[in-house]
Amino acid sequence: MTASTTRVRFAPSPTGGLHLGGVRTALFNYLFAKKNNGTFILRIEDTDQGRFVPGAEQYILDCLEWCGISPDEGPHKEGAYGPYRQSERKSSYKKYAEQLINQGHAYYAFDTPEELEKMREAFRTESNPSPQYDSKVRLGMNNSLSLSKEKVNELLEQGTPHVVRINMPASTEITLHDMIRGEIVFNTDQVDDKVLLKADGMPTYHLAVVVDDHEMKITQAFRGEEWLPSAPVHVLLWDYLGWKNQMPEWAHLPLILKPDGQGKLSKRDGDRLGFPVFAMDWQDPKSNELTKGFKEMGFLPEAFVNMLAMLGWNDGTGEEIFSLEQLIERFSIDRIHKGGAKFDFEKAKWFNQEWIKRSETTRLLPLVQEILVKNNIHASEEALTDIIPMVKERCQLLNDFVQQVAYFFHDPVEIDLASVQPKWDEKKHAFFEGWKTTLNHLEAWDAAAIENTFKEAAGIAQIKPGELQLPLRIMLVGAKFGPTVFDIAFRIGKEATTRRIGHCLTLLAQ
RNA sequence: GGCCCGUUGGUCAAUCGGUUAAGACGCCUCCCUUUCACGGAGGAAUGAGGGGUUCGAUUCCCCUACGGGCUACCA
């Protein structure tokens, strides 16, 4: 097999929790890379000093690992194209910014924030609420295009704070080919002279993405649809830097939208509607605020990834449950949707339930055991190997196992007596007293034997077994759920069974 | 405001000019089960509007409406 040259990257900013949409972008990158026997790269876009959050990078890596889509190259796993943090690549951006200036495609700008605001205010009108720094105004600003060469050198020598801006050509059409959307035409008059290099020496996204995609030999660039409006800047930069024929193919992914209302799904929506938006728990180091993640909410990574893949893509067959391997096999860019999709937490839970149902006990066991321990239920592997298959189809989330498994290990604390009291009478009381004694003398303790004695006793007492099953369930489980009562009785043993019956009989007699 | 992207049931969506317009989630009814769930059988529910093109438009084109994104020395 010849090594593929396919190289794709996921390039998040380490500014906080990893959002659903981010994971999906990473996933599509991963699927495309693996499908083409290529390389999946993680690049950390930490050029914004102000928004940088310590720990976020490791957290992103942890999330990707949990999802099973760990990058082949990245800050954690240096390849031949590092460093993989943009903050460590400053010299490269500076070099290219200078090249662009020398070519006349960029210029120094010395305008202070106040001056910029003044310009915007001056040009702001009803019909133009957000004036741009562009060909129409740049000669009236303080920059190396409007100022004399001497003045510019003087300002530079004095160390005057400045940025480097791209010199957008006037009235030029830029055509971009997007793998999902086809040809898109932009007019350069619509886009401003974007800042390329900030006053602190850091590049903006616009410069960094082009330089890094080039230096890292990226062949396909997936990113969110929100980047479409600035894509012409990137295309122009690829051209100006002389790399046009190496420009990656673009794919702008549709957005994941709020379930209700409209707009991009945000962390706030999750808080508001009660579902996670981040892959894993995220604790903000400054505020200590903890935001729930899908993992901790009880999602299986298989289900999380499956659900995400189906949000904006499908294989056309109508099948919905796919493993990561199957997704790799079936993934294709031309089946990615153009329109954004509203996130539906109910459907997400359905995916998880499907995966829990389909998962082997050996897969579930360690995860369930961990959750049980957190809830003070210490269950042996042997016991859980028996119990998990009995209850897994009743669990949408892994955390549901707590409720479904607890009564196998502890006598129920809350007992729903209200469900039996209305139809409770002396006859039934006598039945259970008698049957309890029968159980004590039962030699073979197995589900079938327990059920037989139950039916026999019911026959003698002339009560329909069905009328007695619900009370028995309440006695053993405490509520109306769980597998067949006789299986439960068998599993918890003779001692616990008779004890629970006795306890309830006492309660009911009061 | 401008530019760009989008628009099939409540939601996710199939359809690549001709179908009774799939399927899934959710909802409802019934069966199984005198628990809950699983499973099974049904049901309600969809092409934003208007023009074209065509023998024929959900499908191609245009306009309108609506939704979204961008319009920062944030990504």
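It should be emphasised that the depicted structure is a prediction, and the values quoted were computed from it without experimental measurement. Throughout, protein chains are lettered first and strands after them, A, B, ... in sequence-line order, and every chain is numbered starting at 1.
- For A/R120, the side-chain atoms get nearest to B/C73 when compared with the rest of B/G69, B/G23, B/C73.
- In this pair, A/H214 and A/W238 present their aromatic rings perpendicular. The plane angle is above 60°, beyond the 30 to 60° band.
- Rounded to an integer number of Å, the gap from A/W350 CH2 to B/G10 C1' is 18 Å.
- With hydrogens and angles left out, the side-chain atoms of A/Y93 and A/D212 include a donor and acceptor closer than 3.5 Å.
- Comparing the P positions of B/C3 and B/G9 gives an interatomic distance of 28 Å, to the nearest angstrom.
- Taken from NE2 in A/H503 to CG in A/L508, the straight-line distance is 10.0 Å, to the nearest 0.5 Å.
- Salt-bridge annotation for A/E115 and A/K118: absent, with no side-chain N of the basic residue lying under 4.0 Å from a carboxylate O of the acidic one.
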_If a pair means Watson-Crick or G-U wobble with both distances below 3.5 Å, what does RNA chain B look like in dot-bracket form, with | marking bases paired to a different strand?_
(((((((..(((.....[....))).(((((.......)))))....(((((..]....))))))))))))....

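- When the nearest nucleotides of RNA chain B are assigned to A/P465 and A/A348 by heavy-atom distance, the more 5′-ward of the two goes with A/A348.
- Closest to the side chain of A/E393, from the set B/C70, B/A24, B/A37, is B/A37.
- If you take atom P in B/A21 and the same atom in B/G43, they sit 15 Å apart, rounded to whole Å.
- Residue A/S230 places none of its side-chain N or O atoms closer than 4.0 Å to OP1 or OP2 of B/U71.
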Short N/O separations, protein against nucleotides 1-3 of chain B, under 3.5 angstrom:
{"residue": "B/G1", "atom": "O2'", "partner": "A/S127", "partner atom": "O", "Å": "2.5"}
{"residue": "B/G2", "atom": "O2'", "partner": "A/Q190", "partner atom": "NE2", "Å": "2.8"}
{"residue": "B/C3", "atom": "O4'", "partner": "A/Q190", "partner atom": "NE2", "Å": "3.3"}

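- With no hydrogens or angles considered, a side-chain donor-acceptor pair links A/N314 and A/R335 at under 3.5 Å.
- The side chain of A/D344 lies closest to B/U11 when the candidates are B/U11, B/A37, B/A72.
- Distance noted for atom C1' between B/A41 and B/C4: 49 Å (whole Å).
- Ring geometry for A/H206 versus A/W227: interplanar angle over 60°, hence perpendicular rather than tilted (30 to 60°).
- Across the P atoms, B/A13 and B/G6 are found 15 Å apart, a figure rounded to whole Å.
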Between the protein and nucleotides 39-48 of chain B, which nitrogen or oxygen pairs are less than 3.5 angstrom apart?
{"residue": "B/G39", "atom": "OP1", "partner": "A/K357", "partner atom": "NZ", "Å": "3.1"}

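- To the nearest whole angstrom, the two P atoms, one in B/A37 and one in B/C30, are 15 Å apart.
- Contact of A/R394 with B/C36 (side chain to base): a donor-acceptor pair of N or O atoms is detected under 3.5 Å.
- For the pair A/K264 and B/G6, the criterion of a side-chain N or O lying under 4.0 Å from OP1 or OP2 is not met.
- Counted by atom type alone, A/N143 and A/H162 present zero donor-acceptor pairs between their side chains at under 3.5 Å.
- Of the residues in residues 478-486 of chain A, those placing a heavy atom less than 4.0 Å from an atom of RNA chain B are A/K480, A/F481, A/G482, A/P483, A/T484, in numerical order.
- Between the NE2 atom of A/H19 and the C1' atom of B/A75 there is a distance of 13 Å, rounded to whole Å.
- Using bins of under 30°, 30° to 60° and over 60° for the plane-to-plane angle, the ring pair A/W313/A/F331 lands in the tilted bin.
- Closest to the A/A341 side chain, of the nucleotides B/C74, B/C12, B/A24, is B/C12.
- A distance below 6.0 Å separates the ring centres of A/F431 and A/F454.
- Taking 4.0 Å as the cut-off between side-chain N and carboxylate O, A/E360 and A/R363 do not count as a salt-bridged pair.
- Relative to the side chain of A/R473, the nucleotides B/C12, B/U35, B/A75 differ in distance, and B/U35 lies closest.
- For the pair A/I180 CD1 and B/C5 C1', the computed distance is 12 Å after rounding to whole Å.
- Using cut-offs of 30° and 60° on the angle between ring planes, the pair A/F275 and A/F343 is tilted.
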Could you go over nucleotides 57-67 of chain B and give all protein N or O partners under 3.5 Å, atom names and distances?
none

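- Taking only side-chain atoms of A/Q132, from C-beta outward, the nucleotide of B/C25, B/U71, B/C38 with the closest atom is B/U71.
- Between A/E302 and A/R358, none of the side-chain N atoms (NZ, or NE/NH1/NH2) sits under 4.0 Å from a carboxylate O, so this pair counts as no salt bridge.
- If you check distances only, the side chain of A/K194 never reaches the base of B/A72 with a donor-acceptor pair under 3.5 Å.
- Annotation: B/G49 and B/U7 have their C1' atoms spaced 12 Å apart (nearest Å).
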Contacts table for residues 194-202 of chain A: side-chain donor-acceptor under 3.5 angstrom, sequence neighbours left out:
{"residue": "A/K194", "atom": "NZ", "partner": "A/D192", "partner atom": "OD1", "Å": "2.9"}
{"residue": "A/K198", "atom": "NZ", "partner": "A/T47", "partner atom": "O", "Å": "3.1"}
{"residue": "A/D200", "atom": "OD1", "partner": "A/M202", "partner atom": "N", "Å": "2.9"}

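- For A/H337, counting side-chain heavy atoms from C-beta on, the closest listed nucleotide (B/A13, B/C73, B/A75) is B/A13.
- When the C1' atom is compared between B/U11 and B/C16, the two are found 24 Å apart, to the nearest whole Å.
- One interatomic measurement links the two molecules: CZ of A/R43 to C1' of B/A75, which rounds to 12 Å at whole-angstrom precision.
- If you find the closest nucleotide of RNA chain B to A/P259 and to A/Q404, the one lying nearer the 5' end belongs to A/P259.
- Taking atom C1' on both B/C25 and B/U19, the two are 24 Å apart, rounded to the nearest angstrom.
- Picking from B/U34, B/C74, B/A13 the nucleotide with the shortest atom distance to the side chain of A/N314 gives B/A13.
- Using bins of under 30°, 30° to 60° and over 60° for the plane-to-plane angle, the ring pair A/F481/A/Y407 lands in the perpendicular bin.
- Closest to the side chain of A/L116, from the set B/U34, B/C73, B/A75, is B/C73.
- Between B/A72 and A/R51, no contact under 4.0 Å exists linking OP1 or OP2 to a side-chain N or O.
- When distances are taken from the side chain of A/R181 to each of B/A14, B/A75, B/C5, the shortest belongs to B/C5.
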